[in-house]
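Please read these numbers as outputs of a predicted model, since none were measured by experiment. The analysis underlying the following values was restricted to heavy atoms, covering all of them including side chains, and did not include hydrogens, waters or symmetry mates. Each ligand, and each atom within it, is numbered from 1 in the order the structure gives.
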Amino acid sequence: MSTAPFNYTRPKTLDEALALLTAHGGNAKLLAGGHSLIPAMKLRLAQPKMLLDITRLEALRRIEERDGRLVIGALATHAEIAANRTVASRCPLLAEVAASIGDLQVRNRGTIGGSIVHADPAADWPAAILALDAELEIAGRMRRRMEAAGDFFMDIFETSVEPDEILCEIRVPVPAGPGAYVKTAQKASGFALCGVAAVVDAKARRVRVAVTGVAAVPYRATGVEEALAGKPLTAETIAAAARHAAADITPLGDIHASAEYRAHLAEVNTTLALQRAAAR
Ligand SMILES: Cc1cc2nc3c(=O)[nH]c(=O)nc-3n(C[C@H](O)[C@H](O)[C@H](O)COP(=O)(O)OP(=O)(O)OC[C@H]3O[C@@H](n4cnc5c(N)ncnc54)[C@H](O)[C@@H]3O)c2cc1C
């Protein structure tokens, strides 16, 4: 399949990209790694008249520690995050998630920002940024705003980013406490049938657990978190809490996995993720 005809330009600055987005209304799309957008265009599910290639906006590619936060530019690729030393020392959970995405080619082109804004219900990043209580910086022509990860994912393939806005940064508080990501992957693509990210805050005696791939929208497993609040993490307490991993959600069912299987995976992967995070 080929795409519908489109124009292409490469803005040199964030301001220029924002001005072009506004000028073209809903007819323009940002091009980051292209690993979700181009397939959608080939299937004619997306037919932008103008592609704005933002891949050379270096300011959106930085990974650094700033004001007690690990700041990851939206254009950082999965491979760059997996290999980054600051990420490895300050928040290894992010490196673990990055390394689990697709294959080398996908990791070399795909970006964290593109993945988060695309909001595929089976994408890996949403679980991590929810469990880490990340904040997202979003720029529009007239203002920049911060959005909590918990308010960002609205629906399947839908986030709070408006068509004339650009996601700039993902900010993760550090230290986050030890974490772990456990995914059951769809064999061909690597996308998550169920991915669970867990973070253990030993000092506060609480955990944060987030699940992707199971429901239309990634979610915090608050039932699990509440069941473990103030409790020691033992095999018994973890197993009992993990039973709440798919409570109050409607699991997705499709040709890859039934709803019942996904709900089951949520419990199993929550148990494993919490055990691994606690052991770290
Ligand atoms: C074979 C294959 C296997 C894959 N396996 C996995 C996997 O195992 N796990 C996983 O999570 N993902 C997987 N992916 C998806 C991959 O991670 C994509 O790279 C990612 O979903 C989209 O990122 P991108 O940079 O390619 O974005 P693009 O495709 O360029 O853009 C996606 C959407 O986001 C918008 N956008 C991009 N950047 C911004 C920004 N900064 N601000 C606002 N809007 C923006 C675009 O306009 C577009 O609408 C796979 C993809 C393929 C092709």
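In terms of modelled atom types and a separation under 3.5 Å, the side chain of D155 and the main chain of A216 share no donor-acceptor contact. Looking at R44, its side chain does come within 3.5 Å of a backbone N or O of T3 through a donor-acceptor pair. Although no hydrogens or angles enter the test, the distance criterion places a donor-acceptor pair under 3.5 Å between the side chain of T271 and the main chain of E267.
Atom 20 (C) of ligand 1 has S36 OG, 3.4 Å as its closest protein atom, hydrogens excluded (heavy atom only). Atom 26 (O) of ligand 1 has its closest protein heavy atom at H35 N, 2.8 Å. Shortest contact from atom 27 (O) of ligand 1 to any protein heavy atom: G114 CA, 3.5 Å. Atom 3 (C) of ligand 1 has S189 O, 3.4 Å as its closest protein atom, hydrogens excluded (heavy atom only). Nearest protein heavy-atom contact of atom 2 (C) of ligand 1 is V106 CG2, 3.5 Å. The nearest protein atom to atom 31 (O) of ligand 1, hydrogens excluded, is given as L37 CB, 3.9 Å; this is a heavy-atom distance. Looking only at heavy atoms of the protein, atom 39 (C) of ligand 1 is closest to L30 CD1, 4.1 Å. In this structure, atom 28 (P) of ligand 1 lies nearest to the protein heavy atom G34 N, 3.4 Å.
Minimum interatomic distance between R107 and A99 (heavy atoms only, all atoms of both residues): NH1-O, 3.5 Å.
Between F191 and ligand 1, at least one N/O pair is under 3.5 Å apart. In terms of N/O distances under 3.5 Å, ligand 1 is approached by G102. On a distance-only criterion, H78 and ligand 1 share at least one N/O pair closer than 3.5 Å. Every N/O-N/O distance between I54 and ligand 1 stays at or above 3.5 Å.
Looking at R205, R220, R206 one by one, the single match for salt bridge (charged side-chain N to carboxylate O under 4.0 Å, His left out) with E225 turns out to be R220.
Set against the non-hydrogen atoms of A123, the atoms of ligand 1 under 4.0 Å away are 11 (O). In summary, the atoms of ligand 1 found under 4.0 Å from a heavy atom of G190, numbered by their order in the structure, are 7 (C), 8 (O). Near K183, meaning under 4.0 Å from one of its heavy atoms, ligand 1 places the atoms 8 (O).
Only the side chain of A74 comes within contact range of ligand 1, with a heavy atom under 4.0 Å; no backbone atom does. When non-hydrogen atoms are compared, ligand 1 lies under 4.0 Å from neither the backbone nor the side chain of E162.
Remark: among candidates P39, A98, G33, A119, the nearest residue to atom 24 (P) of ligand 1 is G33, based on non-hydrogen atoms. Taking only non-hydrogen atoms, the option from I138, V117, T111 nearest to atom 35 (C) of ligand 1 is V117. Distances from atom 9 (N) of ligand 1 to the heavy atoms of D124, I38, D53 show the closest one on D124.
The shortest heavy-atom distance from I101 to ligand 1 is under 4.0 Å. A heavy-atom separation below 4.0 Å is not found between W125 and ligand 1. Using 4.0 Å as the threshold, Q186 has no heavy atom nearer than that to any atom of ligand 1. Taking 4.0 Å as the cut-off, M41 does not count as a neighbour of ligand 1 on heavy-atom distance.
In the displayed structure, R56 atom CZ is contacted under 6.0 Å by at most 12 heavy atoms of other residues, nucleotides or ligands.
With values rounded to the nearest 0.5 angstrom, E135 atom CD is found 4.5 Å from M146 atom CE. For the atom pair OG1 of T159 and CG of D151, the computed distance is 12.0 Å after rounding to the nearest 0.5 Å.
Judged by distance alone, the side chains of D53 and T55 do bring a donor and an acceptor atom under 3.5 Å apart. Counted by atom type alone, T86 and E65 present zero donor-acceptor pairs between their side chains at under 3.5 Å. Defined by atom type and a distance below 3.5 Å, a donor-acceptor pair is present between the side-chain atoms of S189 and Q186.
Under the 4.5 Å side-chain criterion, counting only non-hydrogen atoms from C-beta, E165 is not in contact with S160. When side chains are defined from C-beta on, L37 counts as touching K29, because their heavy atoms get closer than 4.5 Å.
Electrostatic pairing of R141 and D164 does not count as a salt bridge here, judged by no charged N lying under 4.0 Å from a carboxylate O.
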